[in-house]
Amino acid sequence: MTTRPARPGARPLALITGVGRTVGIGAGIARRLAASGWDLAFTYWTPYDARMAWGSEPGAPSVITDALAQHGAASKPVEADLADPETPARVFDEVERDLGGVTALVMCHCESVDSGLLDTTVESFDRHFAVNARASWLLVREYGRRFAVAPGSGRIIALTSDHTVGNLPYGASKGALDRITLAAAQELAHLGITANVVNPGPVDTGWMTEEGRAHVVRQTPLGRLGTPQDTAHLVDFLCSPEGQWINGQLLMSNGGFA
């Protein structure tokens, strides 16, 4: 296996999906990794945010890119419709062309529309699985096929959820994501890649109601909401050399929320 020449500054490169809003978990992870010495490529999909209650955030990719540059990180935003099965390969093509080989793949993207057993439509169900499961598999596949950096440095981290009641297609497709990621810990072991799933619990990035916030605080022993920074610190550790021994795990990082 060949090793790609180091990029200027010899910073490793992380590809983070689902970084469309400055207050999101993906953006928090990007900032944390930039501060730890990583270069970043990240994807976003404005039409998804535009149809959600919180709405799109005009200019967010540029704001995030500027924030990463303050830590000395090179970065590349890529607008990507992950419902399209051709998109994962295109994303890797663009990132490799401009920044080089990917060391860590961090999947924060999602389709998430509240609906239950009786009111979920076939179209919504299929879109959830296309984005949350199929796209994740295709991203992992592209990453494994193209991996050509130092053995032992590779990382796959996926964000998941155990919420299913009233959120059936989201929770079910995230369950599929878990299995895909945990399979990678075994199937990509010969490349020296570790793969883990992180469940960050309820993190308020603008989607919670006041009632929802109060419920989470009551159900969390620490008496507060989760933040993107909480998740980012764990992802930062998993991506570090010290985090290599953690592999094939589904990690709860939710402050004890029950």
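- Both Leu177 and Val91 are members of a single hydrophobic cluster when ILVMFWY side chains are connected at heavy-atom separations under 4.5 Å.
- Contact annotation: the side chain of Val78 never approaches that of Tyr44 to less than 4.5 Å [non-hydrogen atoms, C-beta and beyond].
- Note: Tyr48 and Trp54 have perpendicular aromatic rings, judged against thresholds of 30 and 60 degrees for the angle between ring planes.
- Heavy-atom contacts from other residues, nucleotides or ligands closer than 6.0 Å to CD of Glu211 number 12 or fewer.
- Linking ILVMFWY residues whenever their side-chain heavy atoms come closer than 4.5 Å, directly or via other members, leaves Val19 and Leu15 in distinct clusters.
- Open room surrounds CD on Gln186; 12 or fewer heavy atoms of other groups in view lie less than 6.0 Å from it.
- Residue Asn247 comes nearest to Thr194 through the heavy atom pair OD1-CA, 3.2 Å, listed as atom of the first residue, atom of the second, then distance.
- Note that OG1 of Thr231 is 10.0 Å distant from NE2 of His233, once rounded to the nearest 0.5 Å.
- Annotation for Cys110 and Tyr170: closest pair CB-CE1, 4.0 Å, computed over non-hydrogen atoms.
- For the atom pair CG (Leu234) and CG (Leu238), the distance works out to 4.5 Å, reported to the nearest 0.5 Å.
- Atom CG in Leu40 sits 7.0 Å away from atom OG in Ser75 (nearest 0.5 Å).
- Among Thr43, Thr65, Asp98, Asp39, the one residue that satisfies the side-chain hydrogen bond (donor to acceptor under 3.5 Å, both in side chains) test with Lys76 is Asp98.
- Closest of all the heavy-atom pairs between Leu82 and His109 is CD1-CG, 3.5 Å.
- Using a 4.5 Å cut-off between side-chain heavy atoms of Ile, Leu, Val, Met, Phe, Trp and Tyr, with links allowed through other members, Leu33 and Leu99 fall into different hydrophobic clusters.
- Side-chain contact between Val131 and Trp45 is absent, with no heavy atoms from C-beta onward closer than 4.5 Å.
- Contact check for Leu13 versus Val95: side-chain heavy atoms found under the 4.5 Å cut-off.
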Could you please spell out the steps behind the side chain to side chain contact (heavy atoms under 4.5 Å, CB included) verdict for Asn196 and Ile156?
CA-CA 6 Å; Asn196 294 286; Ile156 297 171; over 6 Å; no

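- Under the 4.5 Å side-chain heavy-atom criterion for Ile, Leu, Val, Met, Phe, Trp and Tyr, Val149 and Phe92 are members of the same hydrophobic cluster.
- Using modelled atom types, one side-chain atom of His163 and one backbone atom of Val165 make a donor-acceptor pair closer than 3.5 Å.
- For the pair Asn199 and Leu251, the minimum side-chain heavy-atom distance is 4.5 Å or more.
- Contact annotation: the side chain of Pro169 approaches that of Ser115 to within less than 4.5 Å [non-hydrogen atoms, C-beta and beyond].
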Test Arg90 against Glu94 for salt bridge (charged side-chain N to carboxylate O under 4.0 Å, His left out), laying out the working first.
CA-CA 6 Å; Arg90 177 181 66 81; Glu94 290 191 29; 2.7 Å; yes

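- The OG atom of Ser153 sits 8.5 Å away from the CD1 atom of Ile193 when rounded to the nearest 0.5 Å.
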Run the side chain to side chain contact (heavy atoms under 4.5 Å, CB included) test on Leu250 and Asp178 for me, step by step, so that the C-alpha distance in whole Å, both residues' side-chain angles and the decisive distance to 0.1 Å come before the verdict.
CA-CA 8 Å; Leu250 200 168; Asp178 297 353; 3.6 Å; yes

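- A 4.5 Å side-chain heavy-atom check between Val102 and Phe147 finds every atom pair outside the cut-off.
- Atom CD of Glu187 sits in a sparse spot, with 12 or fewer heavy atoms from other residues, nucleotides or ligands closer than 6.0 Å.
- Using a 4.5 Å heavy-atom cutoff, the side chains of Ile16 and Met107 are not in contact.
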Taking it one step at a time, do Glu142 and Glu96 satisfy side chain to side chain contact (heavy atoms under 4.5 Å, CB included)?
CA-CA 12 Å; Glu142 288 298 321; Glu96 288 180 341; over 6 Å; no

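- Put simply, the side chain of Arg155 gets close to the backbone of Gly152: a donor and an acceptor are under 3.5 Å apart.
- Thr87 and Ala80 get closest at one heavy-atom pair: CG2-CB, 3.6 Å.
- With contacts defined as side-chain heavy-atom distances shorter than 4.5 Å, the pair Ile29/Cys108 qualifies.
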Verify side chain to side chain contact (heavy atoms under 4.5 Å, CB included) between His128 and Lys174, making sure each step is shown before the conclusion.
CA-CA 9 Å; His128 277 80; Lys174 283 290 191 175; over 6 Å; no

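- The nearest pair of heavy atoms linking Ala133 to Ile180 is O-CD1, 3.4 Å.
- Atoms OG1 and CZ, from Thr46 and Arg51 in turn, are 12.0 Å apart once rounded to the nearest 0.5 Å.
- Put simply, the side chain of Asn167 never gets that close to the backbone of Thr164: no donor and acceptor are under 3.5 Å apart.
- Residue pairs meeting the salt bridge (Lys or Arg N to Asp or Glu O under 4.0 Å) criterion with at least one partner in residues 24-38, sequence neighbours excluded, are Arg32-Asp236.
- For the residue pair Asp49 / Ser56, no side-chain donor-acceptor distance below 3.5 Å is found, with atom types taken as modelled.
- Here the closest heavy-atom approach between residue Pro221 and residue Gly255 is recorded as CD-O, 3.3 Å.
- If you chain together hydrophobic residues whose side chains sit under 4.5 Å apart, Trp38 and Val198 fall into the same group.
- Thr181 meets the side chain to side chain donor-acceptor pair (under 3.5 Å) test with no other residue; sequence neighbours excluded.
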Apply the test salt bridge (charged side-chain N to carboxylate O under 4.0 Å, His left out) to residues Arg134 and Glu111: give CA-CA distance (whole Å), side-chain angles for both, the deciding distance (0.1 Å), then the verdict.
CA-CA 12 Å; Arg134 185 181 68 192; Glu111 171 77 9; over 6 Å; no

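- Atom-to-atom distance recorded for Asp93:CG and Glu86:CD is 11.0 Å, nearest 0.5 angstrom.
- Remark: Phe125 engages Phe129 in a ring-ring contact (aromatic ring centres under 6.0 Å, His included) (not counting sequence neighbours).
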